[in-house]
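Input: a single structure, listed below in structure tokens.
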Amino acid sequence: MKQTFLKYSGSKRFVAEELSRRFPEHDRFVDLTVGGGSILLYSNKPKLISDINPDVINAYKLVKDNPQTIFNSYLEDWTICSQNTEHFYKVRDRFNEARLPQDFIFLSRTVYNGLIRYNSKGLFNSSFMHKRKGIEPAKLLKIIEFWHSFLQNVDIKCGDYEEVYTPQAKDFLFLDSPYL
């Protein structure tokens with residue numbers, strides 16, 4: 001199974017390979033609700049990805065452009081959180097203030113079941129996954145390195161599909177509701 005760098009509720013990682021067997025012939029793969037990105041790993045064509053959530057898209061852009069920032073930040077936060085789980089809430093507060101994509105990735109990997117949740121004020125409010133401390137940094141580094149390379153030929157946009165997508169001949173538009 002191929003792994004994504006974001007742990008994301010509603011992921012299709014367990015069915016992505018089977019779904020990919022049903023992809024039609026296409027010249028470009030388009031996923032406008034990319035979320036964790038499990039599905040796009042199964043097309044070897046040029047890709048356009050988008051999501052309306054800027055936190056998700058900023059995470060993809062940082063992986064594409066500066067993976068070392070993610071790893072350094074994750075390692076530091078994971079190490080501190082391993083000793084003091086209250087650090088998770090400091091990262092969450094920091095994220096809510098600055099919206100740093102490296103914090104979003106850390107939170108996605110340490111919240112309960114990858115549940116990305118915001119309150120009515122738009123603040124990230126998922127809680128810490130107390131039974132496990134998140135993915136080991138060395139394992140995440142390998143995943144981030146893979147995605148850094150993978151994303152080099154992926155067009156990444158943020159916004160409503162009507163704003164970011166112009167149909168082209170032989171596009172395969174993967175449409176998926178964000179529910180498991």
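Owing to the predicted nature of the structure, the values given are computational and were not obtained by experimental measurement.
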So, does S50 use its side chain to make a donor-acceptor pair with the main chain of K157 at under 3.5 Å?
yes
Nearest-0.5 Å distance that lies between atom CD in E136 and atom OG in S82
7.5 Å
Mind checking whether L41 and I144 sit in one hydrophobic cluster, side chains of I, L, V, M, F, W, Y counted as touching below 4.5 Å?
yes
Roughly how far, to the nearest 0.5 Å, is NZ of K7 from CG of L140?
12.5 Å
Could you pull out the closest heavy-atom pair between R109 and M129, with the gap in Å?
O-CE, 3.7 Å
Check whether more than 12 heavy atoms from other residues, nucleotides or ligands sit under 6.0 Å from atom OH of Y112, and answer yes or no.
no
Cluster link I49 to F172, ILVMFWY, side chain under 4.5 Å:
yes
Inter-residue atom distance F71.CZ - K142.NZ, 0.5 Å rounding
11.0 Å
Between Y60 and D51, do the side chains contain an N or O donor and an N or O acceptor separated by less than 3.5 Å?
no
Interatomic spacing from CD1 in I80 to OG1 in T85 - rounded to 0.5 Å:
13.0 Å
To the nearest 0.5 Å, atom CD1 of I156 lies from atom CG of L151 at 5.0 Å
Parallel, tilted or perpendicular: which fits the ring planes of F150 and W147, with parallel below 30° and perpendicular above 60°?
perpendicular
Sub-4.5 Å side-chain heavy-atom contact between T79 and Q83
no
Ignoring hydrogens and angles, tell me if any N or O in the side chain of T4 forms a donor-acceptor pair with the backbone of S38 under 3.5 Å.
no
Using only atom types and a distance under 3.5 Å, with no angle test, would you say the side chain of S73 pairs donor to acceptor with the backbone of T69?
no
Is V63 reachable from F146 through a run of hydrophobic residues whose side-chain heavy atoms are each under 4.5 Å from the next?
yes
Strictly under 6.0 Å, is that where the ring centroids of Y89 and F128 end up?
no
Below 4.0 angstrom, N of the basic side chain to O of the carboxylate: do D77 and R94 qualify?
yes
Yes or no on side chain to side chain contact (heavy atoms under 4.5 Å, CB included) for I143 and I135, after CA distance, side-chain angles and deciding distance?
CA-CA 11 Å; I143 295 168; I135 190 170; 3.6 Å; yes
Here the pair of heavy atoms bringing S108 nearest to F5 is OG-O, 4.3 Å
K121 NZ: over 12 foreign heavy atoms closer than 6.0 Å
no
Go through it in stages, so that I can follow the logic: the residues are N58 and R99, the test is side chain to side chain contact (heavy atoms under 4.5 Å, CB included), and I'd like the CA-CA distance, side-chain angles, deciding distance and then a yes or no.
CA-CA 9 Å; N58 289 335; R99 291 310 232 236; 6.0 Å; no
Is the number of heavy atoms from other residues, nucleotides or ligands under 6.0 Å of N153 CG greater than 12?
no
Are Y42 and V34 connected in the hydrophobic side-chain network, where two residues link if heavy atoms are under 4.5 Å apart?
yes
Can any side-chain N or O of H26 pair as donor or acceptor with the backbone N or O of D171 at less than 3.5 Å?
no
Let me confirm one number: the CG-CG distance from N125 to N96, rounded to the nearest 0.5 Å.
8.0 Å
Assess the residue pair Y118 and D55 against the criterion (side chain to side chain contact (heavy atoms under 4.5 Å, CB included)); give the C-alpha distance rounded to whole Å, side-chain angles, the decisive distance to 0.1 Å, and a yes or no.
CA-CA 11 Å; Y118 301 89; D55 299 325; 2.7 Å; yes
Donor-acceptor pair, R92 side chain versus S126 backbone, under 3.5 Å?
yes
Taking all atoms of both residues into account, what is the closest heavy-atom pair of F106 and W78, and its distance?
CE1-N, 3.6 Å
Taking a hydrophobic cluster as the set of Ile, Leu, Val, Met, Phe, Trp and Tyr residues connected by side-chain heavy atoms closer than 4.5 Å, whether directly or through intermediates, do I57 and L100 fall within one such cluster?
no
Regarding D31 and K47, does a basic nitrogen lie under 4.0 Å from an acidic carboxylate oxygen?
no
Salt bridge R21-E17, side-chain N to carboxylate O under 4.0 Å:
yes
I'd like to check D27 versus Q168 (side-chain heavy atoms, cut-off strictly below 4.5 Å). Are they in contact?
no
Could you please spell out the steps behind the side chain to side chain contact (heavy atoms under 4.5 Å, CB included) verdict for F88 and V111?
CA-CA 9 Å; F88 168 88; V111 296; 3.6 Å; yes
Decide if atom OH of Y165 counts as having more than 12 heavy atoms of other residues, nucleotides or ligands within a radius under 6.0 Å.
yes
Using every non-hydrogen atom in the two residues, find where L6 and A59 come nearest and quote the distance to one decimal.
CD2-CB, 4.5 Å
Surrounding CD of Q152 (heavy atoms of other residues, nucleotides or ligands, distance under 6.0 Å), is the total greater than 12?
yes
Side-chain contact test, heavy atoms from C-beta onward, threshold under 4.5 Å: evaluate it for Y161 versus T33 and give yes or no.
no
What class does the angle between the rings of F174 and F29 fall in, given that below 30° is parallel, 30 to 60° is tilted and above 60° is perpendicular?
parallel
Are any non-hydrogen side-chain atoms of Q3 and K139 less than 4.5 angstrom apart?
yes
